[in-house]
Amino acid sequence: MPTAAPMAATMLDWSRRLLEQAEQAHREVTGQAQRLRLGALETLAAVYVPQVLARLAGRRPGIEVQVHPTARRDDLLADVAAGRLEAALLLDTGEVLGTLGFSAPPAPLAFLDIGTVPLVLVAAPGHRLSGRPALSAEDLAGERLLVNAPGCSFHMAADKVFAPTLQRIPAGGVQVMRAWAEQGLGIALLPEFAASAALRSGTLTELGLPVPALSLRLVWRGDREALPGLRDLLYAAVP
């Protein structure tokens, strides 16, 4: 006989399905537009989400998308798992969700890598290592690495690239890391889209250390793919 915990989980799953079906019936009867909720890390919302919305609007103009940006990846994953979001955009690496260093909730989550986010190691102009190609991790000995919150994707990426002995300097968000690097307070591992303007203007210089890109990963519940409009949203996320 099923124990209390599995029975409760089954009831919650059925309740979610019935609510979704009731909402769908109400929309069809009243003629309301299909509404989907897309979550995204704040660093991705400004750069990548508008492209997704534009493609979806061109293919299925009757679908409305509510965008929910957040700085917390755990919130995104929990909201997708609980059905509060239909899908979410985040950063990861590897072939398993969470390879970057975070935990995925116990839910039937599916994902698709829809692009890459290149990373660059930057420093102020005139840095002692600027202009030197093919740097190694040993060349960075004695440097100060500017980082943001430990749970952030770029902090996790830095932990995979750099030795734990390299001094970490907490510097807040990506914009603060970039500004501090421009002023010579340390080196920083930044997404290319956040550093490109400063690199073009010459207020930052790229150091020649090869750094692997991160995956731009779309996550959703595999058991909700029949939800009206969800597959259209997923297809629109693919360039």
### Task
Applying side-chain hydrogen bond (donor to acceptor under 3.5 Å, both in side chains) between D79 and each of H68, R37, R72, R84, report the one that passes.
R84
### Query
Say you draw a straight line from CD of Q66 to CG of L85; how long is it, rounded to the nearest 0.5 Å?
10.0 Å
### Summary
Taken to the nearest 0.5 Å, the spacing of L44 CG from L214 CG works out to 9.5 Å
### Task
Answer yes or no: is there a donor N or O on one side and an acceptor on the other, between the side chain of R231 and the main chain of G229, under 3.5 Å?
no
### Residue pair A81 / P105: nearest heavy atoms and the distance that separates them
CB-CG, 3.9 Å
### Task
Run the numbers on W220 and E86 for side-chain hydrogen bond (donor to acceptor under 3.5 Å, both in side chains), then give the verdict.
CA-CA 6 Å; W220 69 95; E86 275 67 64; over 6 Å; no
### Task
Sequence neighbours left out, what pairs pass side-chain hydrogen bond (donor to acceptor under 3.5 Å, both in side chains) with at least one residue falling in residues 38-56?
none
### Task
Could you walk me through whether L234 and L112 pass side chain to side chain contact (heavy atoms under 4.5 Å, CB included), step by step?
CA-CA 9 Å; L234 301 179; L112 175 67; over 6 Å; no
### Task
Please determine if R132 and D139 form a salt bridge, counting it only when a charged side-chain N lies under 4.0 Å from a carboxylate O.
yes
### Task
First locate atom CE of M156, then atom CG of L91, and finally report the distance between them rounded to the nearest 0.5 Å.
11.0 Å
#### Entry: Co-membership, hydrophobic cluster, residues V238 and V49, 4.5 Å side-chain
yes
### Task
Applying side chain to side chain contact (heavy atoms under 4.5 Å, CB included) between F154 and each of L119, D159, V147, report the one that passes.
L119
### Task
Give a yes or no on whether a salt bridge exists between E143 and R128, defined as a side-chain N under 4.0 angstrom from a carboxylate O.
yes
### Query
Taking the six-membered ring of Y235, is the NZ or CZ of R59 close enough (under 6.0 Å from the centre) and on axis enough (within 45°)?
no
### Message
By the side-chain hydrogen bond (donor to acceptor under 3.5 Å, both in side chains) test, which pairs, at least two apart or in different chains, include something from residues 192-203?
### Response
E182-T203, S201-T203
### Flag side-chain contact, heavy atom, 4.5 Å: I114 against P239
yes
### Query
Taking atom CG of L90 and atom CG of D92, what is their separation to the nearest 0.5 Å?
6.5 Å
### Query
Taking the side chain as C-beta and beyond, is there a heavy-atom pair between M177 and N148 under 4.5 Å?
yes
### Message
Just so I know, are the side chains of T116 and L216 near enough to count as touching, which here means a heavy-atom distance under 4.5 Å?
### Response
no
### Task
Not counting sequence neighbours, which residues clear salt bridge (charged side-chain N to carboxylate O under 4.0 Å, His left out) with D74? List them please.
none
